[in-house]
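Have a look at the structure below before the remarks.
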Amino acid sequence: MNLRKLLKMIYRVYINFKKGILDPEAEAIKRTIDSMGYKTIKKISKGKFFDIEISSSKNTLGDLEKISSDLLSNPIIENFKIIKK
Amino acid sequence: MPKKVVSIVVFPGSNCDRDLDIAVQKYMNVNTELVWHDDSSIKNQEMIFIPGGFSFGDYLRSGALATKSPAMKEVIRLSKRGVPIIGICNGFQILTECKLLDGALIDNYKRLFVCKENFVKIENKNTLFTQNINKNVVQFPIAHAQGRFYTSEDNLKRLEDNNQIVFKYSSRDGKIDKSQNPNGSMNNIAGIINKNKNILGLMPHPERAVNFSEDNDGISFFRGLQNLL
């Protein structure tokens, strides 16, 4: 593996609905899975993630937190979590 | 005396701006200026409309990307100075995403795009925007996939207590119950106002209720706004 690839800095921001908010898409997917005959699937929740490559680690987490709460998620309805990949 | 000028902010993907333009000019008896989202200044600041449509393709969340447009930064600044602002449909979504209005507008309960005429009860007639409408229940078209108003229980109570809920989906005679709720909105909410009472957001389209006869309720909505200028 070359050094450049090794040094890539990528963070992943996960976004999902807060507890208690009905997600009709996840419900519809769950109903379809039920109709496929699977008996043990209890609940499905859906989310999304963004992989964000950065060019410098300066202020990274602070910036990512701000980007995640200001734009990528809507704090009224969604939670976010940032992990280093 | 020259006519006053009302601003309408237009984003890539707005599609109700022309309808709104016609309704505003005809029934508010003003001229309009369409402000492109990239403009960082809004020349005519007496009143601002944010129209419906699918700004920026509704990518990320409805209205989310539009909040960072230069024109919206100016709208946010002017809102603090008390400029009257009305957001319709996607405009309402943009105003909630900007936090100028409480709550969020999320996928309809059944995840269908609803497009129909709906009756809407005016819950608060003591606002700049509704004081001159001479009916208690109006009929406006709705057309949206993300119109389910959601907020925390605490916020909902605060909105109710402050009389910030302006429109609720209802029956023809003003009855408000689940059967009249097209999208699963909390408490049938169709439109709200901010605490300072200068910003209105509503999902129904008054600009689409002006075409067919003088009885169309959009006409009295826009005529009622004349006194704001």
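In what follows, every chain begins at residue 1, and chains take the letters A, B, ... in the order their sequences are listed.
Ring planes of B/Phe140 and B/Phe221: perpendicular class, angle over 60° (limits at 30 and 60°).
At a 4.5 Å heavy-atom cutoff, A/Lys18 makes no contact with chain B through either its backbone or its side chain. With a threshold of 4.5 angstrom between heavy atoms, B/Asn108 approaches chain A through N, CA, C or O but not through any side-chain atom. Of the two parts of A/Glu27, neither the backbone nor the side chain holds a non-hydrogen atom closer than 4.5 Å to a non-hydrogen atom of chain B. Contacts of B/Ile106 with chain A are made by side-chain atoms alone, with heavy-atom separations under 4.5 Å and no backbone atom involved. Looking at A/Ile15, there are no atoms closer than 4.5 Å to chain B (heavy atoms on both sides), in backbone or side chain.
The residues B/Asp107 and B/Arg148 are annotated as not salt-bridged, no charged nitrogen and carboxylate oxygen being separated by less than 4.0 angstrom. Ion pairing between a basic and an acidic side chain is recognised when a charged N comes within 4.0 Å of a carboxylate O; B/Lys157 and B/Glu160 show no such pairing. Remark: B/Asp154 does not engage B/Arg158 in a salt bridge, criterion side-chain N to carboxylate O under 4.0 Å.
Per-residue counts of heavy-atom pairs under 4.5 Å with chain B were compared for A/Ile76, A/Ile77, A/Ile21, A/Asn74; the largest is that of A/Asn74.
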**OP:** Assess whether side chain to side chain contact (heavy atoms under 4.5 Å, CB included) is satisfied between B/Asn136 and B/Ile122, documenting all intermediate values.
**Re:** CA-CA 5 Å; B/Asn136 296 321; B/Ile122 305 173; 5.8 Å; no
